[in-house]
Number of protein chains: 2
Amino acid sequence: MTAADGRQDARVDTLVDPSLDAAVTVVENGFETDRLVTLFGRCKVDYDGRASSTLGLGDRHVMCKPDGSILVHTDEGQQPVNWQPPGCTHEASREEDRLRIESERSSPEERLTVEFEQVSQVSTFAVDDATELSLDGTEEDLRNRILEEPDLVEPGFTPLATERDTAAGAIDIFGEDADGRTLAVELKRKRVGPDAVGQLDRYVDALRRDLHDDAEIRGILVSPSVTDRAADLLERNGLEFVSLTPRK
Amino acid sequence: MTAADGRQDARVDTLVDPSLDAAVTVVENGFETDRLVTLFGRCKVDYDGRASSTLGLGDRHVMCKPDGSILVHTDEGQQPVNWQPPGCTHEASREEDRLRIESERSSPEERLTVEFEQVSQVSTFAVDDATELSLDGTEEDLRNRILEEPDLVEPGFTPLATERDTAAGAIDIFGEDADGRTLAVELKRKRVGPDAVGQLDRYVDALRRDLHDDAEIRGILVSPSVTDRAADLLERNGLEFVSLTPRK
DNA sequence: CTATTAATCTCGAGA
DNA sequence: TCTCGAGGTTAATAG
């Protein structure tokens, strides 16, 4: 039931409690044929790159993807305990009585090494997935909601541009109020802290310098709500807030 | 080789191309005995909660952890295409000719549903892992490096407190320079953008108001480097920068 | 629970 | 490549 048996075209190729040589063969074949490869067993993990870490012996689940990413999972946590991003090159090798998986990339230089003392299962999967995720409730939904009904920000608001560039970055919605004053609108899909206020403040500042006219420029933060500190900071910087969610 | 065969104590329990009933049995038994459960096959995924999403038919790898988290992976990307955080309750059921995995939690109300049209493999694993990850190269390492050798910030720098509270949040290192002036140091383990400068600026502002004396207060950002926009913002706000990494 | 910040954040867009 | 900002960010920590 391994690649050596000529079944490399099967959607699934699995060995339970394999010999080391058989495991290496299946993993290498999986890498070569762009399959999703998983291993489970007792292993140590070392990482060195942007930071460095060590993880002693324990049972973990390792997933190597054909795009070059690798994920090491324990039995808890949503996040992998160790990982490597897409674009790495994987290698499997037998080192005496251990199976070693190495994943490497450059810029930045990063290396992950998993050394299995015992392999309980090896699998490779042929993945056929053309479908893309469709997500809503995003910041884009909030923007569309406002562009369809600008009065939600305030009566008389007229959007003139989205992603308008300034020296400090792009303003989500740029426009005019009912009195013709310039309006910079910063959108956040959920409750925000002081960071978002700082962002809006930098945009309004940049606008004032870019336009170097003395016309009043208003900055409005649109989000479901703000924290107390964010409210303070809005107040102190003469910025405004409108409560709005991305949906309905 | 399933739980029904009395092998539920084996470290690995795997079925390839199982019948739906057998798959449901293995998965349910895995949930009940706190094992790590994985499935691979053709499925649809729906999520509704903080946002909502749909994912059409395709091959995916699903991992259910005994802590209540669930991860749905495609063949690309380091991140799962769908997931649920720890603390959810999982259920497996047969719905006509499909296998359904449901994961739910409250506060916030969130639900993930995976519906398998075809199951190519089911596995459950007994995970024994007492080891914890040891990581370095973090912001804490940078702080320790400076506390051991304050002159790295500048000759004569004297740290007086860490995490000193202000109205705007905690200052990483609070101290005095050689001339007795108050110094607020903000630490970042890697290259930073304008957000970190905004943070430091808020702290220095808050300090000036908290101490309401006219003594000069200096703000110093310590990180490996800064972006151009961050450098501009430092300059405009009268803040300083010292280049330092967490390591060596 | 809320609030705040770090992260080997990841990811995608844009220059 | 770097930079910048979004994210169902997640995770840890404090209150």
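Letters A, B, ... mirror the listed sequences (proteins, then strands); counts begin at 1.
- Residues A:Thr227 and B:Pro108 each lie close to DNA chain C; by heavy-atom proximity, the contact nearer the 5' end of the strand is made by B:Pro108.
- With B:Ser243 contributing its side chain and B:Pro224 its backbone, the two residues share a donor-acceptor pair below 3.5 Å.
- At least one donor-acceptor pair closer than 3.5 Å links the side chain of B:Arg60 to the backbone N or O of B:Cys43.
- For the pair A:Tyr203 and D:dC4, the criterion of a side-chain N or O lying under 4.0 Å from OP1 or OP2 is not met.
- Between B:Arg164 and B:Thr166, the closest side-chain pair of non-hydrogen atoms falls below 4.5 Å.
- Nearest to the side chain of B:Pro194, among C:dT2, D:dC4, C:dC1, sits D:dC4.
- Nucleotides C:dT5 and D:dG8 place their P atoms 22 Å apart, quoted to the nearest Å.
- Across the protein-nucleic acid pair, A:Glu140 atom CD and C:dA13 atom P stand 11 Å apart, rounded to whole Å.
- Look at B:Arg100 and B:Glu115 and you find a salt bridge, because one of the NZ, NE, NH1 or NH2 atoms lies within 4.0 Å of a carboxylate O, short of that distance.
- For the contact set between residues 229-244 of chain B and DNA chain C, defined by any heavy atom under 4.0 Å, there are no members.
- Going from atom CD of A:Glu132 over to atom P of C:dC11 covers 14 Å, rounded to whole Å.
- Just one residue in the list A:His61, A:Glu76, A:His73 forms a side-chain hydrogen bond (donor to acceptor under 3.5 Å, both in side chains) with B:Lys65, and that residue is A:His73.
- A:Arg191 places its CZ atom 14 Å from the P atom of C:dT5, with the value rounded to the nearest Å.
- Checked by atom type, the side-chain pair A:Gln84/A:Tyr47 shows no donor-acceptor distance below 3.5 Å.
- Ion pair B:Glu117/B:Lys44 not flagged as a salt bridge, since none of the NZ, NE, NH1 or NH2 atoms sits closer than 4.0 Å to an Asp/Glu carboxylate oxygen.
- The nearest whole Å value for the distance from the CZ atom in B:Arg143 to the C1' atom in C:dA7 is 15 Å.
- Residue B:Ala196 is classed as having no contact, given no heavy-atom separation below 4.0 Å to the nucleic acid.
- Using a 4.0 Å heavy-atom criterion, one finds that A:Glu163 contacts no nucleic acid atom at all.
- Counting only distance, with no hydrogens or angles, the side chain of A:Asp59 and the backbone of B:Val127 share no donor-acceptor pair below 3.5 Å.
- Minimum atom distance to the side chain of B:Lys188 is reached by C:dA6, of the listed C:dA3, C:dA6, C:dT5.
- The P atoms of D:dA11 and C:dC11 are separated by 15 Å, rounded to the nearest whole Å.
- One atom, CG of B:Leu187, and another, C1' of C:dA7, lie 15 Å apart when rounded to the nearest Å.
- Atom CZ of A:Arg202 is separated from atom P of D:dT3 by 16 Å (rounded to the nearest Å).
- Judged purely by distance below 3.5 Å, without hydrogens or angles, the side chains of A:Asp46 and A:Thr54 never pair a donor atom with an acceptor atom.
- Going from atom CG of B:Asp141 over to atom C1' of C:dA6 covers 13 Å, rounded to whole Å.
- Comment: B:Arg143 does not engage B:Asp172 in a salt bridge, judged by the lack of any side-chain N to carboxylate O separation of less than 4.0 angstrom.
- In this structure, the side chains of B:Pro194 and B:Thr227 come closer than 4.5 Å at one or more pairs of heavy atoms.
- If you take CD of A:Glu139 and P of D:dC4, they are 18 Å apart, rounded to a whole angstrom.
- Helical stems involving DNA chain C, defined as 3 or more consecutive Watson-Crick or G-U pairs under 3.5 Å, span C:1-7 with D:9-15, C:9-15 with D:1-7.
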Which nucleotides of nucleotides 8-15 of chain D have their base under 4.0 Å from a protein heavy atom (B), which only their sugar-phosphate (S), and which neither (-), written as one string 5' to 3'? BSSS----

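- At the heavy-atom level, B:Glu186 lies under 4.0 Å from the strands shown only through sugar-phosphate atoms.
- A donor-acceptor contact shorter than 3.5 Å is absent between the side chain of B:Arg35 and the backbone of B:Ser123.
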